[in-house]
Trainee: 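Below are the structure tokens for one structure; questions will follow.
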Amino acid sequence: MLENLKLAVKRQKKLIIIFLLTIFVPSISLSIFGIRAIRNERFRMAKQIENEHRRAAEFLKSQISAQFKELGSILQNLAQSTAFLQRDDAGIKNLFETKLDENPLVDQVFVAFEKEEVWFPLFQPIPSDILYSSSPASEGIQQSGQKRAEAYEFKDRNYTRAISLYRSLADQSPDTNFKAQMESYVSRCLEKAGDYAGAIQNYQKICEVYPDSTSLDGMPFSLKSQLQIASCYQKLGELQFSLQTSLDLYKDILNMRWRLKGAQFKAYADLVEGAISDILSENQSNLSFKDYNEEFKQFKNLYQERCEQWLVIKDIGQNIIPELRGEKALSTYRPIPLQYHKTLNERTFLLSAVQILDSSETRPVGLLGAKVREPYLIEHVLPEAIENSQFINASNVAISHLSGKILFGGRNTSEDPTTATEFFEDNFPPWKIEVFRSEGEALGVLDIKRNFYFWTILTLVIVLISGSVLISRTIAHEMVVLKLKSDFVSSVSHEFKSPLTSIKALAERLRDGKVKDSDRMNQYFSVITQDADRLIRLVRNILDFSKIEEGKKEYEFVETDMAQLVTQQIESFRRSEFAKGLEIQIRISEDIPHLDVDKEAFSQALNNLLDNAVKFSSDRKEIEVNLKKENTSVFIEVRDWGIGIAPPNLDKIFDKFYQVRNTLQQSVKGTGLGLTLVKHTVEAHGGRIVVRSRVGEGSIFSIILPTQRKEK
Ligand code: ADP
């Protein structure tokens, strides 16, 4: 086995070398090259992505910074306007309302003049509009007159006299705050006298004539009057009027009609809100009140918003401005806007501020600043910038506060590698921009290339495997052939040996004169002749086979009487020693035509079939030969009742050297060439050979020849 393998490999050396050189080595080197190329490509792509991401991060940073720069220059322009230089509060407020109110980036604007309270022009009314009573009713005549009127009102409950006294006091004074105060007392008396309609009228007059007057404690008379009007309407049973008045008042408070302090704002707003919700809840079933609910709800939301703003401006006023002032933002002239950030109560303050200069335009006298809306930057500016940047999308950007709080986006998996990180100049805003590569997205392009390499390598591997299989099969086949050849050699030797041994023994006996009887002598000669014939047939078979293998076998076709040829052949076979004890039956039809055949080759083919019929016969020593014509074919059938052939072997028996291994027939030797030659001869005559057989029952070999041989 091992010897055969070695021999087979040796014989196929050329093929193996060709395989190694043309398939194996190129495949392996291409695979290695492919894998390395994938790795290089990966590295290159990663670098490229990194560069693109860095550029994208820089772009985002520039877009955000640009917003602050723009805001800074707007503020700078405003601070340099005449309204500021001349300290015109109405002009300043107007300026802000036209230039900044619509700016989505700006949350609050503040103006902080030296040593003055901070003013939020977009949130509060003009400071100079608010006329706090500088000279309250403290003058002597007024004071005594007021006391007398109050005595009529509270002690005597003489409201008519009290009213006329209050009115004359009002007429006499030039002070609008005092006048407004007296009028509010008049209304109070009317209310007490039960004249609610009169009281309402008088309160309305106060609102119209003294809209901005305030009491000593800073309470605006118009606000107080409206509160009272609502209450009077309620007393009159005019609930709808009362509600409408309260809603109007609520709206005015929320829209900062008066310059209130935070606590005042909250107290009045709560008061009015309470009054409104009382009326609404008590009159739920009243359909005409239904419409107010929606309006009220909107105001309540606005109230929440305002409360937030109050907190913001409180923080700015109390914590940030003192800090900014402390940072000497006002001590020296600085032409560049100031950027400032601070986190208070989890609220981020991003501020941009510029100096307000005095009329000489050299000395800073105050600060003008704006608090930026961080959510606007995150929710609008950033997504837009991401959209405009070529190389990234929102899924691979994360923005976090320097404290670590995530402001925008985030990673899906912590394994996504960060490709670029950017911080802002002076850490303003105090953010970190991170761009990372999300697995699916980033490798998309790479996948196509990788696929290409993958399929190439796969193809090479398949080629390699197929090549190896082919080589192994060739070697295996070579081994089979080697085995067949060695079997053939031993079979042939055996085939030669037995007749030669017999010839030698008989000839020696004859030579030594040991056989005297002439009959016996004749018998000896006949056996020697038979054996010699057998040897001749054997040699002829081998020579024919060798000629066929070399493609040199030639046939000589001669018109032949087939019936005669077959009969002669069988007769000669019958006479042979080999056919002793055998019964051969011949059946020949009458219409057998003459055919062009090579007599010698054909006789040998028939002989081979008869030989096999005898060799593989069993107890029933009988052969039947049938020659018949059907349509355009002549059939020569050789039938035996021998051991038969198993179906899987039926195809193989015509292969060269093939012999069915059968333990029972170990004694029967052959060369495995007989049927190969028969098949070749028959096919050379334009015919074919067919076998039908059953194990244990016998076989029928049929040579089928066409009546008209086609010339090749
Ligand atoms: P050989 O007879 O020299 O072995 P052949 O080519 O004539 O070679 O036959 C091949 C094989 O076919 C034989 O070894 C035998 O096993 C089988 N065979 C041929 N003829 C018959 C038959 N008439 N009955 C059974 N087996 C047969």
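Predicted model only: the values in this text are computed from it and were never measured. Numbering of ligands and ligand atoms starts at 1, following listing order.
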Trainee: Any N or O of F616 that comes nearer than 3.5 Å to an N or O of ligand 1?
Mentor: no
Trainee: Atom 8 (O) of ligand 1: which of S491, S618, G672 has the nearest heavy atom?
Mentor: G672
Trainee: Would you say the side-chain atoms of H401 pair up with the backbone N or O of S403, donor to acceptor, closer than 3.5 Å?
Mentor: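 Looks like yes, one N/O pair under 3.5 Å.
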Trainee: Please confirm whether G642 comes under 4.0 Å of ligand 1, counting heavy atoms of the residue only.
Mentor: no
Trainee: Would you say I645 has any N or O atom under 3.5 Å from an N or O of ligand 1, going by distance alone?
Mentor: no
Trainee: As an exercise, identify every atom of ligand 1 less than 4.0 angstrom from a heavy atom of D640.
Mentor: 22 (C), 23 (N)
Trainee: Any side-chain donor paired with an acceptor under 3.5 Å for Q48 and E52?
Mentor: yes
Trainee: Is there a polar contact between ligand 1 and Q659, counting only N or O atoms under 3.5 Å apart?
Mentor: yes
Trainee: I need the atoms of ligand 1 closer than 4.0 Å to a non-hydrogen atom of Y658, numbered in the order shown.
Mentor: 10 (C), 11 (C)
Trainee: Does atom CG of N631 have more than 12 heavy-atom neighbours from other groups under 6.0 Å away?
Mentor: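 No, the 6.0 Å shell around CG holds no more than 12 heavy atoms from other groups.
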Trainee: Atoms of ligand 1 less than 4.0 Å from K615 heavy atoms?
Mentor: 1 (P), 2 (O), 3 (O)
Trainee: Name the orientation class of the two ring planes belonging to F701 and F654 (parallel below 30°, tilted from 30 to 60°, perpendicular beyond 60°).
Mentor: perpendicular
Trainee: Give a yes/no verdict on a cation-pi contact between K432 and F423, requiring under 6.0 Å between NZ or CZ and the six-membered ring centre and an angle within 45° of the axis.
Mentor: no
Trainee: Measuring from the heavy atoms of F701, does anything fall under 4.0 Å of ligand 1?
Mentor: yes
Trainee: Using the rule given for side chain to side chain contact (heavy atoms under 4.5 Å, CB included), can you reason through S29 versus V25, listing the C-alpha separation, both sets of side-chain angles and the distance that settles it, and then say yes or no?
Mentor: CA-CA 6 Å; S29 20; V25 175; 4.3 Å; yes
Trainee: Can you sort out which atoms of ligand 1 are near V660, meaning under 4.0 Å from one of its heavy atoms?
Mentor: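 It comes down to these atoms of ligand 1: 14 (O), 16 (O).
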Trainee: In Å, rounded to the nearest 0.5 Å, how long is the span from OG of S617 to CD1 of I643?
Mentor: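 Here the interatomic distance stands at 9.0 Å.
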